[in-house]
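Convention: sequence-line order gives letters A, B, ...; per-chain numbering from 1.
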Amino acid sequence: MKAFTPFNGIVCPIDRANIDTDAIIPKQFLKSILRSGFGPYLFDEWRYADHGEVGMDCSKRPLKADFALNQPRYQGAEILLARDNFGCGSSREHAVWALENYGFRAIIAPSFADIFFSNAFKNGLLPIVAPAEVVERLFGECAANEGYRLAVDLAEQKVTTPSGFSFGFDITPQRKESLLKGLDEIGFTLKHADEIRAFEAARKAEQPWLWRAAASGSAG
Amino acid sequence: MAGKTLYDKLWDSHVVRQEADGTCLLYIDRHLIHEVTSPQAFDGLRLAGRKLWRDQSVVAVPDHNTPTRNWDREIEDPVARLQVNTLDNNIREFGALSYFPFRHAKQGIIHVIAPENGLILPGMTVVCGDSHTATHGAFGALAHGIGTSEVEHVLATQTLIQKKSRAMQVRVDGQLGAGVTAKDVALAIIGRIGTAGGTGYCIEFAGSAIAGLTMEGRMTVCNLAIEAGARAGLVAVDEATVAYLKGRPHAPTGEDWDKAVAYWKTLHSDADAHFDAVVEIKAEDIQPQVTWGTSPEQVLAIGERVPDPAQEADAAKRAGIERALAYMGLQGGTPISEIAIDKVFIGSCTNSRIEDLRAAAAVVKGKTVAGTVKLALVVPGSGIVKRQAEAEGLDRIFTAAGFEWREPGCSMCLAMNDDRLSPGERCASTSNRNFEGRQGPGGRTHLVSPAMAAAAAIAGHFVDVRHI
Ligand code: SF4
């Protein structure tokens, strides 16, 4: 995971509540064996006029012109703005993989679904819970100003608009540290690598048979 | 101070570190891998530039997607083929202790091949991206299923972040009747405590009836712990455990063996150990079981009738019964023995070991599958089971009766390959889940033991195996 640095990103608004994980990444894409490559299929049904399947070349597919992700002014967006209960539905981690792979680094909404919220941190995506009236204001400013950007500073736990208005957000210390240092859960655990190694050495001394390869070799 | 439960002993011997809130980093000895839940984990490692912490802990096999016939050809379904090839490539790139590729002589269901090759030893922690990992608790090993992010975590760190569960003991004492098997014991337990009865617990199965089971039988019982809501099931180590392991390819030998056995014999709950919950069942009360609904807890003895929703006072329960009956196409009050079936599936990690096939063959011998049964399948759990059965002539008993004898794999347990039920078809199945659509969209599953499935195949409907 990359370290989460302060950035000033284009905002893409999707003015809906209850955006579910099936909308974020439809079920046919779960057949994929990859963790990467979901970006082109993000919001597939809302984004394309045809039916998508794994492996399609999305650059040739017909687009739904009025969907935000397809509008020229939102190209290169790194911040997604949405309404209540973002990420509800199934627990699929693919939803986060798709958003992250598309290029989003933060999502601002008044509330998020639980599992999506914790999956996001595992993959370096920052979900920001903002008060409903702030979200309302951001939707308004975003619509009125082409190229609208927000500055996100995780260390300061602060988001700032072009006019200088800013608001804070909450995050647990461990999640903040993980994101800032680019440590995923694995990175966090590996901070204790020496302890794991010491444990392993002691175990090997006690139960050496757990470390011996079979006499018959390893071919099965 | 109270003694320790087997669960305490296994847990305590694997804690690498503990946080203030009780969260532990647990060391993992054995990591089982299959093709469906591992690709994103390997991809995650690749993206982060990580390696396996200990490739010699990994045992891998493709089983969920693999076809059970036409093994002279490549896999036809392109999605399945890609998943299987991806596992091949990942193991080649990252390494493993044992890999059993598609069509290898020992390939089969991960939970069947790992024990039969001595790859599961008492005292180990075992994980797999598969909920039926609970199976391996039969060896006095702490075994549970994990998600794809956790698979990646274990691959990279050899540890799992876990909080300890509570301990439950399920005691089955007495003598099981003739025709009553480990599957019936497990289903009867689930019927008693419900599919959420074990939630938050690790269940240790104990009592004279459990001690009297073979290792195959204990695996069947532990396999179904997850259907009772428990992430792990356990059985204490005894002479049967040690005898089963002796001489297996990956079992310790020589001086190692003696030391290992001495340690393994400590792997039981102390007499004064405290359990947070205890459930007691008399072996004599257990009859052959048949599920009637869409959850494993919706189970009855063969002599009973499907519940009548009109008799249920609680509105929520009544609605639940009605929903299950509607999906299953059954009328309340119907005797179980009058339910006719379309297909029979003998297989899965619950019941595809040699003992299961012997029990089914003993019922089938010299008889013929009923004309109304469209398909009766036997899918051995592994190549080793298959060849053993063939050496004993079981395959010929099955095929002479009209069964199809297939290549090993998960097959119609979850219908990811082309073995499946058509909408509305009813199946007597030795697998572990009767959820809606599990064996194919609209398919109706009744869980039974191998002997009961065989008897249903012959009769064309459910029948008490003790009366034929
Ligand atoms: S046989 Fe069924 S339950 Fe067992 S591992 Fe395969 S799919 Fe899962």
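Proximity to chain A is absent for every atom of A60(B), based on heavy atoms less than 4.5 angstrom apart. Both the backbone and the side chain of V16(B) come within less than 4.5 Å of a heavy atom of chain A. With a 4.5 angstrom heavy-atom cutoff, I113(B) does not touch chain A via any of its atoms. In this structure, the portion of T159(B) lying under 4.5 Å from any heavy atom of chain A is its side chain and not its backbone. At a 4.5 Å heavy-atom cutoff, the contact between Q158(B) and chain A is made by side-chain atoms alone. Proximity to chain B involves both the backbone and the side chain of E195(A), based on heavy atoms less than 4.5 angstrom apart. Neither the backbone nor the side chain of R46(B) has a heavy atom closer than 4.5 Å to any heavy atom of chain A. Residue A202(A): no heavy atom, backbone or side chain, is found under 4.5 Å from chain B. In this structure, chain A has no heavy atom under 4.5 Å from any part of R30(B).
If you tally non-hydrogen atom pairs under 4.5 Å between each of M124(B), E255(B), H14(B) and chain A, the highest count goes to H14(B). Considering only heavy-atom pairs separated by less than 4.5 Å from chain A, the leading option among E35(B), Q83(B), K259(B), R50(B) is R50(B).
A distance of 7.5 Å separates CG of N90(B) from CD1 of I33(A), quoted to the nearest 0.5 Å. We find the OG-CG distance between S32(A) and D43(B) to be 8.0 Å, quoted to the nearest 0.5 Å. Interatomic distance, CZ of R17(B) versus OG1 of T189(A), reported as 9.5 Å (0.5 Å rounding). A distance of 8.0 Å separates CZ in R212(A) from OG1 in T253(B), rounded to the nearest 0.5 Å. L47(B) CG to S36(A) OG: the interatomic distance, rounded to the nearest 0.5 Å, is 5.0 Å. Separation of atoms CD (E19(B)) and CD (Q174(A)) is listed at 8.0 Å; rounding is to 0.5 Å.
By the 4.5 Å heavy-atom criterion applied to side chains, R54(B) and W211(A) are counted as neighbours.
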### Task
Please assess R203(A) against D29(B) for the test side chain to side chain contact (heavy atoms under 4.5 Å, CB included), listing each intermediate value before the final yes or no.
CA-CA 10 Å; R203(A) 189 160 176 74; D29(B) 295 305; 2.8 Å; yes
### Query
Run the side chain to side chain contact (heavy atoms under 4.5 Å, CB included) check on F199(A) and V15(B) step by step: do they pass?
CA-CA 9 Å; F199(A) 179 93; V15(B) 174; 5.9 Å; no
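Within a 6.0 Å sphere centred on CG of D114(A), heavy atoms belonging to other residues, nucleotides or ligands number 12 at most. When the shell of 6.0 Å around NZ of K64(A) is examined, it contains more than 12 heavy atoms from other residues, nucleotides or ligands. Within a 6.0 Å radius of CD in E76(B), no more than 12 heavy atoms belonging to other residues, nucleotides or ligands are found.
The closest donor-acceptor contact from the side chain of E152(B) to the backbone of I186(A) lies at 3.5 Å or more, if one exists at all. Between the side chain of Q40(B) and the backbone N or O of L34(A), at least one donor-acceptor pair lies under 3.5 Å.
The minimum heavy-atom distance between P252(B) and W209(A), with the atom names listed, is CB-CB, 3.7 Å.
No side-chain donor-acceptor contact under 3.5 Å links E185(A) and S149(B). Inspection of the W53(B) and E200(A) side chains reveals an N or O donor paired with an N or O acceptor under 3.5 Å.
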